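Quick notes on the structure that follows.
Treat the numbers as computed from the prediction; the structure is a model and nothing was measured.
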Amino acid sequence: KKYTVIHFAKPRVLKKHGKKRPHIDGLRKDCVTSKLEILGVTLQSNLKWKTHVDNVRKKVCGITRAFRKVASSTHGVRQNFKQRLYLSTARTVLNYACAAWYCPRAPALPESYLDALKTQQNTFFRIILGGLLHNRRSVLRKESYIETLAVHLDQTSLLTRARLLATEVWDTIVNARNAIKAAYCRPEHQSKIPNQ
């Protein structure tokens, strides 16, 4: 399966046009999909991130099971090694490509999605410190000397975007945005210009 087609649109538009495919020679009839994975990031046709967050959560659950075998409150490696192990394994999975799917203080990622990932992080805090279920999350986080997932995702995504400034990639993004604006500013499209 070499080519896949995905339509990004509102649900009512997808119901009507969601299965259409372009007329390209050699393109199979089953090439249209509603989910597409690109470099480990799962895109959905409605531009929601639920599938991607679920995939990340499943990966981290697997890491958690393996982590429990080498570290617990009664046996295993020392606490500082547990912290380094978490930072190098689980957190790299949690924040992978977050500049694409996580936007600070934006409605694109509902709190429920982030809460599922925070739960995974809190599980690791309990394993690292040997904490019990009734321990407060804030205490576990302070004792482990690891910032919250929201703070870490904020920092990582903003740093990634800042590194893109004044690069060829940034110029491509700006040129594409300007081309879209120019297309909407033509007289035949004046009524379709979205509100700023």
Side-chain angles (χ1 to χ4, degrees), residues 1-28 31-60 87-88 90-118 121 147-196:
K1 192 172 181 179
K2 191 171 181 180
Y3 299 103
T4 306
V5 176
I6 186 168
H7 299 287
F8 297 109
K10 294 180 180 179
R12 62 182 168 79
V13 176
L14 284 174
K15 284 180 185 176
K16 187 175 181 183
H17 303 289
K19 295 296 179 187
K20 289 187 177 179
R21 62 185 180 91
H23 300 289
I24 300 173
D25 292 336
L27 197 60
R28 294 185 355 219
C31 67
V32 179
T33 183
S34 62
K35 297 174 190 169
L36 178 65
E37 188 166 337
I38 302 173
L39 299 175
V41 178
T42 307
L43 298 171
Q44 289 177 256
S45 57
N46 58 1
L47 291 178
K48 304 272 187 206
W49 297 102
K50 185 176 184 346
T51 306
H52 177 72
V53 170
D54 287 344
N55 291 344
V56 169
R57 194 180 50 74
K58 287 175 189 171
K59 288 176 189 174
V60 174
L87 293 173
S88 63
R91 193 162 80 171
T92 56
V93 172
L94 287 169
N95 74 357
Y96 175 74
C98 69
W101 60 268
Y102 179 78
C103 189
R105 294 166 295 282
L109 190 72
E111 278 297 314
S112 61
Y113 295 177
L114 200 56
D115 287 343
L117 299 179
K118 286 178 185 175
Q121 186 185 41
E147 68 268 9
T148 64
L149 186 61
V151 169
H152 179 68
L153 292 176
D154 277 355
Q155 291 173 346
T156 306
S157 63
L158 290 174
L159 181 63
T160 303
R161 289 184 181 101
R163 285 181 178 159
L164 281 178
L165 290 173
T167 63
E168 192 175 315
V169 173
W170 183 256
D171 293 340
T172 304
I173 293 169
V174 170
N175 291 339
R177 186 177 57 203
N178 290 339
I180 292 169
K181 280 184 182 179
Y184 269 110
C185 290
R186 291 185 189 141
E188 63 268 15
H189 296 293
Q190 285 297 323
S191 61
K192 297 180 184 178
I193 296 177
N195 294 333
Q196 295 292 333

*Mind checking side-chain hydrogen bond (donor to acceptor under 3.5 Å, both in side chains) for E147 and listing every partner two or more places apart, or none if nothing turns up?*
R91, H152

*Taking every non-hydrogen atom, the tightest pair across C98 and S157*: SG-N, 3.8 Å

*At their closest point, which heavy atom of A116 faces which heavy atom of R57, and how far apart are they?*
CB-CD, 3.9 Å

*Which heavy atom of W101 sits nearest a heavy atom of L117, and at what distance?*
CH2-CD1, 3.8 Å

*Got a sec, which residues hit side-chain contact (heavy atoms from CB on, under 4.5 Å) with R163, two or more places apart in sequence or on another chain?*
L159

*To the nearest 0.5 angstrom, please state how far the CG atom of N178 sits from the CD1 atom of I173.*
12.0 Å

*Identify, with sequence neighbours excluded, every residue that meets side-chain hydrogen bond (donor to acceptor under 3.5 Å, both in side chains) alongside K35.*
none

*Looking at V93 and K59, what are the two nearest heavy atoms and their distance?*
CG1-CB, 3.9 Å

*For L39, does the CG atom have more than 12 heavy-atom neighbours from other residues, nucleotides or ligands under 6.0 Å away?*
no

*asked:* Please enumerate all residues that pass side-chain hydrogen bond (donor to acceptor under 3.5 Å, both in side chains) together with D171, with sequence neighbours excluded.
replied: none

*Decide yes or no for W49 and V41: does some side-chain heavy atom of the first lie under 4.5 Å from some side-chain heavy atom of the second?*
yes

*T92: side-chain hydrogen bond (donor to acceptor under 3.5 Å, both in side chains) partners, not counting sequence neighbours*: none

_With a 3.5 Å distance limit and no angle check, can you tell me whether T156 reaches the backbone of L153 through a side-chain donor-acceptor pair?_
no

_Nearest heavy-atom neighbours spanning T42 and E37_ = OG1-OE1, 4.0 Å

*Under the side-chain contact (heavy atoms from CB on, under 4.5 Å) test, which residues partner L36, sequence neighbours left out?*
T4, I6, I38

*asked:* Applying side-chain contact (heavy atoms from CB on, under 4.5 Å), can you list everything that pairs with K50, at least two apart in sequence or on another chain?
replied: Q44, D54, Y113

*Could you list the residues that satisfy side-chain contact (heavy atoms from CB on, under 4.5 Å) with A150, not counting sequence neighbours?*
Y102, L114, K118, T148

